[in-house]
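Report on one structure; see the data block that follows.
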Amino acid sequence: MKKLLVAVAGLTALFAGPALAQNYPTEPVTMIVPFAAGGPTDIIARLVAEPMSRFLGQQIIIENVAGAGGTTGITRGAEAQPNGYTIMMGHMGTHGAAPALYPNLKYNPAADFAPIGVAAGTPIIIVGSKKVPAEDLQGFIAWAKKQGDKANHAHAGVGSVSHSTGILLNSMLGIKSTYIPYTGTGPALNDMLSGQVDYMTDQIVNLVGQINAGAVKAFAIATPKRSPALPNLPTTKEAGLGGYEVSAWNAVFAPKGTPQAIVDKLSDALSKALDDANARKRLDDLGAVIPEGAERGSAALQKLVVSEVARWTPVLKEAMAAQKK
Ligand code: ASP
């Protein structure tokens, strides 16, 4: 009898699966943001979650679960029930850089997720506090070399975008600064505004407003071309540091095992959100690069994750070794 009951329960689950996926979502969806509120990942998550909620017909609630360069929140997301009610906003750090820096990382970025799609590309900017006595990139480099470990370098935790692109910059310049970790670059930027930290390398969406307001000093953007959002900011190449070209990205993931019908609904809602006129304008104004056509969706994101892990692992291992010497 017990066996039969178990078999019946199994069958019910089997048939309920597709039906549940079809009706999905019948309750609010939680999107884990693995950093503090107010920073780039949080900004992008809120920007896309609002139109996604409209297309899904259910609210997406943002939950900030910060710690360990974003890996705490992503670990929680990877271990959540794969039913579409917990998704997460990862990025180049959590799904590209982290494996090089966390030997005991509890998830495999390429194998433990159902990728939903890239939400935004985010060029990296080298930015400093107004207290840094430099007006351009070469001035900043000269100052940083002179300061050595007296320069305070903000980042969002080991393996985050700001940390990995920061150690790369430092190792290229042959400098070792004092690293100051935060739960996200939102709070890091706040401390930079008050001059408590000197510099960082961060995602453009965090910075455009404060750069335009003259509240921080932007030294260069690490992309081959200038950003339309900051047309006066030179590229690293123009400013004489052509070897430093790095861009980040944010992307939505669900836990591995999420039913395909739900993954497809989420991908479709994300793609529609990226076509929403309001969201597009805000992303453009913040300097984000909106993925188009074949750059969207699950397959493109899976490919990106695999290539980013392969690209960052050797580079970061080398940069970390240089920082330890
Ligand atoms: N931009 C951050 C990073 O450095 C994180 C954040 O979004 O706050 O990874």
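Start at 1 and go down the list; that is how both ligands and their atoms are numbered.
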Do ligand 1 and Asp42 have nitrogen or oxygen atoms that lie under 3.5 Å from each other?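 There is no such contact.
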Can you check whether Val161 has an N/O within less than 3.5 Å of an N/O in ligand 1? yes
Is there a donor-acceptor pair closer than 3.5 Å between any side-chain N or O of Asp149 and the backbone N or O of Thr178?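 Absent.
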His91: heavy atom below 4.0 Å from ligand 1, yes or no?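 Right, His91 reaches ligand 1.
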Find all atoms of ligand 1 within a distance of less than 4.0 Å from any non-hydrogen atom belonging to [X], and give their numbers and elements.
| X | value |
| --- | --- |
| Ser162 | 3 (C), 4 (O), 9 (O) |
| Gly184 | 8 (O) |
| Asp202 | 1 (N), 2 (C), 4 (O) |
| Ala156 | 2 (C), 3 (C), 4 (O), 5 (C) |

Residue, atom name and distance, where the atom is the protein heavy atom closest to [atom]:
| atom | answer |
| --- | --- |
| atom 8 (O) of ligand 1 | Thr185 N, 2.9 Å |
| atom 1 (N) of ligand 1 | Gln203 OE1, 2.6 Å |
| atom 7 (O) of ligand 1 | Thr41 OG1, 2.6 Å |

Compute whether any side-chain donor of one residue and acceptor of the other, for Ser162 and His155, lie under 3.5 angstrom apart. no
Side-chain H-bond candidate by donor/acceptor type, Gln203 with Asn250, under 3.5 Å: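 Side-chain D/A pair, Gln203 to Asn250: present.
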side-chain contact (heavy atoms from CB on, under 4.5 Å) involving Ala222 - partner list, sequence neighbours excluded: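 Once residues adjacent in sequence are excluded, the partners of Ala222 under the side-chain contact (heavy atoms from CB on, under 4.5 Å) criterion are Ile124, Thr236, Tyr244, Val246.
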Could you pull out all residues at least two apart from Arg282 that satisfy side-chain contact (heavy atoms from CB on, under 4.5 Å)?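 With sequence neighbours excluded, Arg282 shows a side-chain contact (heavy atoms from CB on, under 4.5 Å) to Leu47, given in chain and number order.
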Check: Tyr182 ring centre within less than 6.0 Å of Phe35 ring centre: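 Tyr182 vs Phe35: aromatic centres not under 6.0 Å.
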Strictly under 6.0 Å, is that where the ring centroids of Tyr85 and Tyr24 end up?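 Yes.
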